[in-house]
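Below is one structure, written out as structure tokens, with a few remarks after it.
Given the structure is predicted, the values throughout are model-derived calculations rather than measurements. Each chain gets a letter, A, B and so on, in the order its sequence line appears, and its residues count up from 1. Heavy-atom basis, side chains included; hydrogens, waters and symmetry copies ignored.
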2 protein chains.
Amino acid sequence: MDKRILRTMLNETDSFFKMLADSTRLRCLMLMQAEGELCVCELTHTLNLSQPKISRHLAHLREAGVLVARRNGTWMYYRINPDLQGWALDILQTTLNGVRKTEPFVSDQKILGAMANRPGFKCCS
Amino acid sequence: MDKRILRTMLNETDSFFKMLADSTRLRCLMLMQAEGELCVCELTHTLNLSQPKISRHLAHLREAGVLVARRNGTWMYYRINPDLQGWALDILQTTLNGVRKTEPFVSDQKILGAMANRPGFKCCS
DNA sequence: TAATTATATACGCTTGAACATATATATGGA
DNA sequence: TCCATATATATGTTCAAGCGTATATAATTA
């Protein structure tokens, strides 16, 4: 764990909220809260934003300890850090419940659900 | 209700988190979540920050619809807007539960509790 | 009306964060 | 080894937001 992580790992409570205070990051987090781990290409496709923009925001979330990552081949999968403090996990779920029927979250879920050729996606199980 | 309020009144979810993403604002909100309405001088004393700084942050919170205000003589009392959406109120309470035993929130509560001459404070009932 | 207290706002400055674009790195397959 | 795909990072710029200081407004009391 490097210095950047130690510096920002929720030592200060408001740094957690800073991570939620950007619409791109919040949309990514809500998708992961709803769907579990997602890779960069799924988020790039779903939010229709540039790959560097998505990657940079995911890096921020990871450095802040909000996300953890796993590599599988060329794909990087990100998911919400299960070791987040309980109140932080609660807030993510409460937020999802609060926004899941509003835009842009409805559309995001829909677009992700309709995405073809998702890596690791098993059709017909 | 003026244009600024309409623009920021939680039409965008992340604007709510933007309001929580500043330590001064978060400390004020946690005190109000714990204590109910508070006036500017109580917050200025408790956080040991300049009056204009506190006032400006309270104005932001009010414009965003997170706080409502009431005047009583020369004092302005602010409190969490009871008409906030349920999920937003839940998040404030969850956050308070999560941080109430950590700094700077412990000290803030202590200093406020020990403050002398609080306006509207009835000694010996 | 004048003085005092409490609060709000205006101004100029600084800084951090987000952005677009370009480029680097990493993995897997031919 | 070379290429293609997926992802990460670097660079320079722009802009929003916070800050301190000064000043304005509002209510109260003399």
Tell me: [atom1] of [X] to [atom2] of [N], nearest whole Å?
X       : N      : atom1 : atom2 : result
B:Leu58 : C:dT7  : CG    : C1'   : 10 Å
B:Met19 : D:dA16 : CE    : P     : 14 Å
A:His45 : D:dT5  : NE2   : P     : 17 Å
A:Leu38 : D:dT7  : CG    : C1'   : 15 Å
B:Leu43 : C:dA8  : CG    : C1'   : 15 Å
A:Tyr77 : D:dA6  : OH    : P     : 11 Å
B:Met76 : D:dA27 : CE    : C1'   : 12 Å
B:Trp75 : D:dT29 : CH2   : C1'   : 12 Å

side-chain contact (heavy atoms from CB on, under 4.5 Å) involving [X] - partner list, sequence neighbours excluded:
X       : result
B:Gln51 : B:Val40, B:Thr44, B:Ser55
B:Ala59 : B:Glu63
B:Val68 : B:Arg79, B:Asn81, B:Pro82
B:Ser50 : B:Pro52, B:Lys53

Using five base pairs at each end, measure the axis-to-axis angle across the helix from C:dT1-D:dA30 to C:dA30-D:dT1 and round it to 10 degrees. 10°
B:Arg70 side chain reached by B:Met76 side chain, heavy atoms, under 4.5 Å: no
Please enumerate all residues that pass side chain to side chain donor-acceptor pair (under 3.5 Å) together with [X], with sequence neighbours excluded.
X        : answer
A:Asp108 : A:Arg27
B:Asn72  : none
A:Arg71  : none
B:Thr102 : none

Rounded to the nearest 0.5 Å, how far apart are OG1 of B:Thr95 and CD1 of A:Ile91? 3.5 Å
Are any of B:Tyr78's side-chain N or O atoms less than 4.0 Å away from OP1 or OP2 of C:dA6? no
Give every pair of a protein N or O atom and an N or O atom of nucleotides 25-30 of chain C that lie under 3.5 Å apart, one pair per line with the distance.
none

Where do N or O atoms of nucleotides 18-23 of chain D meet protein N or O atoms at under 3.5 Å, pair by pair?
unit_1	atom_1	unit_2	atom_2	d
D:dG18	OP1	B:Arg25	NH1	2.8
D:dG18	OP1	B:Arg25	NH2	2.8
D:dC19	OP1	B:Lys53	NZ	2.5
D:dC19	OP2	B:His57	NE2	2.7

With salt bridge (charged side-chain N to carboxylate O under 4.0 Å, His left out) as the rule and sequence neighbours excluded, what pairs involving residues 80-95 of chain B come up? none
